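Report on one structure; see the data block that follows.
The basis for the numbers below is simple: all heavy atoms, side chains too, and nothing from hydrogens, waters or symmetry mates. Computed from a predicted model, the values in this text were never measured in an experiment.
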Amino acid sequence: AVGFVRACAATTPVALMIDDLQWADRSSIELLQHLVRHTRGEPVLVAATAREPALHSSASLRRALVDLRREGLIHRVRLERFARDEMATLLSEVLATGELAPALIDAIQAATGGNPFFAIEVLQTLRERGDLVLVDRQWISSRGDCIAVPDTVRESILERFARLSSTSAQAIDAAATL
(Lines give C-alpha, C1' and ligand atoms only; values in the text may rest on other atoms or scores of the structure.)
Protein backbone atom coordinates (compact mmCIF):
# COMPACT_ATOMS: atom_id res chain seq x y z
CA ALA A 1 0.00 0.00 0.00
CA VAL A 2 2.80 2.42 0.89
CA GLY A 3 4.61 1.69 -2.37
CA PHE A 4 1.48 2.36 -4.40
CA VAL A 5 0.77 5.66 -2.62
CA ARG A 6 4.40 6.78 -2.99
CA ALA A 7 4.40 5.88 -6.69
CA CYS A 8 1.24 7.94 -7.21
CA ALA A 9 2.68 10.81 -5.18
CA ALA A 10 5.76 10.83 -7.40
CA THR A 11 3.62 12.09 -10.29
CA THR A 12 0.94 14.11 -8.50
CA PRO A 13 0.01 15.00 -4.91
CA VAL A 14 -2.22 12.41 -3.24
CA ALA A 15 -5.09 13.02 -0.84
CA LEU A 16 -6.72 10.10 0.99
CA MET A 17 -9.99 10.64 2.83
CA ILE A 18 -11.06 8.20 5.53
CA ASP A 19 -14.50 8.67 7.05
CA ASP A 20 -15.67 7.23 10.39
CA LEU A 21 -12.24 6.09 11.54
CA GLN A 22 -13.77 5.07 14.86
CA TRP A 23 -15.16 1.95 13.12
CA ALA A 24 -11.78 0.77 11.80
CA ASP A 25 -10.43 -2.55 13.08
CA ARG A 26 -6.96 -2.88 14.60
CA SER A 27 -5.35 -4.09 11.35
CA SER A 28 -6.71 -1.11 9.40
CA ILE A 29 -5.47 1.29 12.09
CA GLU A 30 -2.02 -0.30 11.98
CA LEU A 31 -1.99 -0.01 8.17
CA LEU A 32 -2.96 3.65 8.41
CA GLN A 33 -0.22 4.28 10.98
CA HIS A 34 2.33 2.58 8.75
CA LEU A 35 1.20 4.60 5.73
CA VAL A 36 1.38 7.92 7.60
CA ARG A 37 4.83 7.14 9.00
CA HIS A 38 6.27 6.03 5.67
CA THR A 39 4.96 8.87 3.53
CA ARG A 40 6.46 11.61 5.69
CA GLY A 41 7.96 14.24 3.41
CA GLU A 42 5.94 13.00 0.41
CA PRO A 43 3.13 15.07 -1.14
CA VAL A 44 0.53 12.92 0.62
CA LEU A 45 -2.36 14.16 2.73
CA VAL A 46 -4.34 11.71 4.81
CA ALA A 47 -7.51 13.24 6.23
CA ALA A 48 -9.67 11.17 8.56
CA THR A 49 -12.88 11.85 10.41
CA ALA A 50 -14.03 10.27 13.64
CA ARG A 51 -16.83 10.93 16.05
CA GLU A 52 -15.48 12.16 19.37
CA PRO A 53 -17.45 9.89 21.75
CA ALA A 54 -16.57 6.76 19.75
CA LEU A 55 -12.85 7.59 19.84
CA HIS A 56 -12.79 6.71 23.52
CA SER A 57 -14.14 3.20 22.96
CA SER A 58 -11.33 2.04 20.64
CA ALA A 59 -8.11 1.43 22.56
CA SER A 60 -6.09 0.69 19.41
CA LEU A 61 -7.24 3.92 17.74
CA ARG A 62 -6.52 5.99 20.86
CA ARG A 63 -2.99 4.50 21.09
CA ALA A 64 -2.34 5.11 17.39
CA LEU A 65 -3.46 8.74 17.61
CA VAL A 66 -1.33 9.36 20.70
CA ASP A 67 1.72 7.84 18.98
CA LEU A 68 1.23 9.76 15.74
CA ARG A 69 0.63 13.01 17.62
CA ARG A 70 3.81 12.46 19.65
CA GLU A 71 5.72 11.90 16.39
CA GLY A 72 4.32 15.14 14.98
CA LEU A 73 2.56 13.34 12.16
CA ILE A 74 -1.02 14.43 12.75
CA HIS A 75 -2.86 17.65 13.31
CA ARG A 76 -6.22 17.39 15.01
CA VAL A 77 -9.04 19.74 14.06
CA ARG A 78 -12.16 19.71 16.21
CA LEU A 79 -15.34 20.78 14.54
CA GLU A 80 -17.65 22.58 16.91
CA ARG A 81 -21.39 22.79 16.50
CA PHE A 82 -22.77 26.02 15.07
CA ALA A 83 -24.23 28.70 17.30
CA ARG A 84 -27.64 30.09 16.30
CA ASP A 85 -26.22 33.10 14.41
CA GLU A 86 -23.80 30.88 12.49
CA MET A 87 -26.68 28.53 11.69
CA ALA A 88 -28.78 31.45 10.41
CA THR A 89 -25.94 32.55 8.12
CA LEU A 90 -25.38 29.02 6.81
CA LEU A 91 -29.06 28.41 6.09
CA SER A 92 -29.42 31.80 4.35
CA GLU A 93 -26.45 30.97 2.12
CA VAL A 94 -27.91 27.57 1.24
CA LEU A 95 -31.27 29.13 0.38
CA ALA A 96 -29.53 31.79 -1.77
CA THR A 97 -32.68 33.94 -1.91
CA GLY A 98 -34.33 35.41 1.13
CA GLU A 99 -33.81 34.53 4.76
CA LEU A 100 -35.32 31.85 6.94
CA ALA A 101 -37.92 32.94 9.49
CA PRO A 102 -36.48 33.09 13.03
CA ALA A 103 -38.86 30.36 14.26
CA LEU A 104 -37.59 27.99 11.55
CA ILE A 105 -33.97 28.77 12.40
CA ASP A 106 -34.76 27.95 16.02
CA ALA A 107 -36.53 24.70 15.07
CA ILE A 108 -33.65 23.54 12.85
CA GLN A 109 -31.05 24.57 15.44
CA ALA A 110 -32.91 22.64 18.16
CA ALA A 111 -33.48 19.55 16.00
CA THR A 112 -29.90 19.34 14.73
CA GLY A 113 -28.03 20.49 17.81
CA GLY A 114 -26.05 22.88 15.62
CA ASN A 115 -24.67 20.17 13.32
CA PRO A 116 -24.22 21.99 9.98
CA PHE A 117 -24.43 18.89 7.76
CA PHE A 118 -27.63 17.75 9.45
CA ALA A 119 -29.07 21.28 9.27
CA ILE A 120 -28.49 21.47 5.52
CA GLU A 121 -30.12 18.06 5.04
CA VAL A 122 -33.13 19.11 7.13
CA LEU A 123 -33.44 22.37 5.18
CA GLN A 124 -33.33 20.49 1.86
CA THR A 125 -35.94 18.01 3.14
CA LEU A 126 -38.29 20.81 4.22
CA ARG A 127 -37.82 22.58 0.93
CA GLU A 128 -38.42 19.45 -1.18
CA ARG A 129 -41.50 18.55 0.90
CA GLY A 130 -42.97 21.95 0.14
CA ASP A 131 -42.94 22.92 3.82
CA LEU A 132 -41.17 26.21 3.05
CA VAL A 133 -42.57 29.11 1.06
CA LEU A 134 -40.94 32.42 0.17
CA VAL A 135 -43.04 35.41 1.23
CA ASP A 136 -41.60 38.94 1.00
CA ARG A 137 -38.01 37.59 0.83
CA GLN A 138 -38.50 35.43 3.93
CA TRP A 139 -38.85 31.66 3.98
CA ILE A 140 -41.69 30.65 6.26
CA SER A 141 -43.45 27.42 7.10
CA SER A 142 -46.31 26.52 4.79
CA ARG A 143 -47.75 24.51 7.71
CA GLY A 144 -47.79 27.21 10.35
CA ASP A 145 -46.35 26.13 13.68
CA CYS A 146 -46.73 22.39 13.09
CA ILE A 147 -43.70 21.78 10.90
CA ALA A 148 -42.17 18.31 11.29
CA VAL A 149 -38.39 18.38 11.30
CA PRO A 150 -36.68 15.00 10.68
CA ASP A 151 -35.15 13.55 13.87
CA THR A 152 -31.95 12.19 12.32
CA VAL A 153 -29.71 12.74 9.30
CA ARG A 154 -30.65 9.25 8.16
CA GLU A 155 -34.38 10.01 8.34
CA SER A 156 -33.87 13.20 6.36
CA ILE A 157 -31.84 11.50 3.63
CA LEU A 158 -34.21 8.50 3.43
CA GLU A 159 -37.19 10.84 3.08
CA ARG A 160 -35.49 12.65 0.22
CA PHE A 161 -34.41 9.34 -1.33
CA ALA A 162 -38.02 8.10 -1.27
CA ARG A 163 -39.08 10.98 -3.54
CA LEU A 164 -36.64 10.01 -6.31
CA SER A 165 -37.76 8.25 -9.46
CA SER A 166 -37.11 4.51 -9.49
CA THR A 167 -34.38 4.98 -12.13
CA SER A 168 -32.58 7.58 -9.99
CA ALA A 169 -32.95 5.43 -6.88
CA GLN A 170 -31.47 2.42 -8.70
CA ALA A 171 -28.54 4.53 -9.93
CA ILE A 172 -27.82 5.78 -6.41
CA ASP A 173 -28.16 2.24 -5.05
CA ALA A 174 -25.63 1.01 -7.62
CA ALA A 175 -23.24 3.88 -6.90
CA ALA A 176 -23.43 3.23 -3.15
CA THR A 177 -22.68 -0.45 -3.72
CA LEU A 178 -19.64 0.38 -5.84
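- Taking R129 as the reference, D131, E159 meet the salt bridge (charged side-chain N to carboxylate O under 4.0 Å, His left out) condition, with sequence neighbours excluded.
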Without placing hydrogens or testing angles, list every side-chain donor-acceptor pair under 3.5 Å for residues 170-178, not counting sequence neighbours.
residue	atom	partner	partner atom	Å
T177	OG1	D173	O	2.9

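- Residues T89 and S92 have side chains that never bring a donor and an acceptor to within less than 3.5 angstrom of each other.
- Between P43 and A9, the closest heavy-atom pair is CG-O, 3.4 Å.
- Without hydrogens or angle criteria, R127 side chain to L95 main chain gives a donor-acceptor distance under 3.5 Å.
- Residues satisfying the salt bridge (charged side-chain N to carboxylate O under 4.0 Å, His left out) test with E30, not counting sequence neighbours, are R26.
- The hydrophobic cluster containing L100 also contains V94, counting ILVMFWY residues as joined when their side-chain heavy atoms lie under 4.5 angstrom apart, directly or transitively.
- For T39 (side chain) and E42 (main-chain N/O), no donor-acceptor pair under 3.5 Å exists by modelled atom type.
- The CG atom of L35 sits 6.0 Å away from the CG atom of L16 when rounded to the nearest 0.5 Å.
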Working for side-chain contact (heavy atoms from CB on, under 4.5 Å), residues V77 and H75: CA-CA 7 Å; V77 177; H75 176 74; 3.6 Å; yes
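- For L158, the side-chain contact (heavy atoms from CB on, under 4.5 Å) test picks out R154, with sequence neighbours left out.
- In this structure, the side chains of V46 and I18 come closer than 4.5 Å at one or more pairs of heavy atoms.
- Apart from V66 itself, the hydrophobic cluster it occupies contains nothing, where clustering links Ile, Leu, Val, Met, Phe, Trp and Tyr at side-chain heavy-atom distances under 4.5 Å.
- Linking Ile, Leu, Val, Met, Phe, Trp and Tyr residues whenever their side-chain heavy atoms come within less than 4.5 Å leaves V122 and F161 in two separate clusters.
- For the atom pair CD1 of I29 and CG of L61, the computed distance is 4.5 Å after rounding to the nearest 0.5 Å.
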Name the atoms and distances for all side-chain donor-acceptor pairs under 3.5 Å in residues 133-140, with sequence neighbours left out.
residue	atom	partner	partner atom	Å
W139	NE1	T97	O	2.6

Walk me through it: do L132 and L123 pass the test side-chain contact (heavy atoms from CB on, under 4.5 Å)? CA-CA 9 Å; L132 300 179; L123 182 65; 3.7 Å; yes
Output side-chain donor-acceptor pairs under 3.5 Å for residues 104-115, partner residues at least two apart or in another chain, one line each.
residue	atom	partner	partner atom	Å
D106	OD1	R84	NE	2.5
D106	OD1	R84	NH2	3.3
Q109	NE2	F82	O	3.0
T112	OG1	I108	O	2.7
T112	OG1	G114	N	3.4
N115	OD1	F117	N	3.0
N115	OD1	F118	N	3.0

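- For residues 33-53, the set of pairs meeting the ring-ring contact (aromatic ring centres under 6.0 Å, His included) definition, not counting sequence neighbours, comprises H34-H38.
- Atom-to-atom distance recorded for R37:CZ and L32:CG is 10.0 Å, nearest 0.5 angstrom.
- A distance of 14.0 Å separates OG of S28 from CH2 of W23, quoted to the nearest 0.5 Å.
- Residues passing the side-chain contact (heavy atoms from CB on, under 4.5 Å) test with A83, sequence neighbours excluded: D85, E86.
- Judged as a salt bridge (charged side-chain N to carboxylate O under 4.0 Å, His left out), and not counting sequence neighbours, D25 has no contacts.
- Contacts of E155 classified as salt bridge (charged side-chain N to carboxylate O under 4.0 Å, His left out), with partners at least two apart in sequence or in another chain: none.
- In this structure, CG on L79 lies 9.0 Å from OG1 on T49, to the nearest 0.5 angstrom.
- The CG atom of D67 lies 12.0 Å from the CZ atom of R62; values are rounded to the nearest 0.5 Å.
- At a threshold of 4.5 Å between non-hydrogen side-chain atoms, the residues R81 and M87 do not count as touching.
- Heavy atoms only, all atoms of each residue included: T125 and R163 are closest at O-NH2, 3.7 Å.
- The two residues S142 and G130 have their closest heavy-atom pair at OG-O, 2.8 Å.
- Within the structure, salt bridge (Lys or Arg N to Asp or Glu O under 4.0 Å) pairs that include any residue of residues 11-21 comprise D20-R51 (at least two apart or interchain).
- At a threshold of 4.5 Å between side-chain heavy atoms, the hydrophobic network of Ile, Leu, Val, Met, Phe, Trp and Tyr places L73 and V5 in one connected group.
- By the neighbour-count criterion of 12 heavy atoms within 6.0 Å, atom CD of E99 is sparsely surrounded, having that number or fewer from other residues, nucleotides or ligands.
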